[in-house]
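One structure below.
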Amino acid sequence: MKLKQDSRCYTDVCVNGKWFHHDHGTATAYMLKGGASALIELDTMPTTESELIDLLTGTF
């Protein structure tokens, strides 16, 4: 699924049993775990949900 490049949009995805939040149009994501969330700098800005999952796979 193509990600809408709009700063008002976001995607939450589950990767390896952990939930991540990504604000569209950025190259960052963070793990949804309550309290202080771990910020992740992605190598590139994903344009599809599949790219986002690939970038997050193996992060944790």
Find out whether L55 and H22 are in side-chain contact, i.e. whether some heavy atom of one side chain is under 4.5 Å from a heavy atom of the other.
-> no

In Å and rounded to the nearest 0.5 Å, what is the [atom1] to [atom2] distance from [X] to [Y]?
X: N16; Y: I53; atom1: CG; atom2: CD1; result: 10.5 Å
X: T11; Y: L52; atom1: OG1; atom2: CG; result: 6.5 Å
X: Y10; Y: T26; atom1: OH; atom2: OG1; result: 14.0 Å
X: E49; Y: D54; atom1: CD; atom2: CG; result: 11.0 Å

When the side chains of residues 39-48 are checked against the rest of the protein, which donor-acceptor pairs come out under 3.5 Å, sequence neighbours left out?
residue : atom : partner : partner atom : Å
T47     : OG1  : E51     : OE1          : 3.1
T47     : OG1  : E51     : OE2          : 3.2
T48     : OG1  : E51     : N            : 3.1

Side chain to side chain contact (heavy atoms under 4.5 Å, CB included) involving C9 - partner list, sequence neighbours excluded | K4, D6, H24

Which atom of D23 lies closest to which atom of H21, heavy atoms considered = OD1-NE2, 2.8 Å

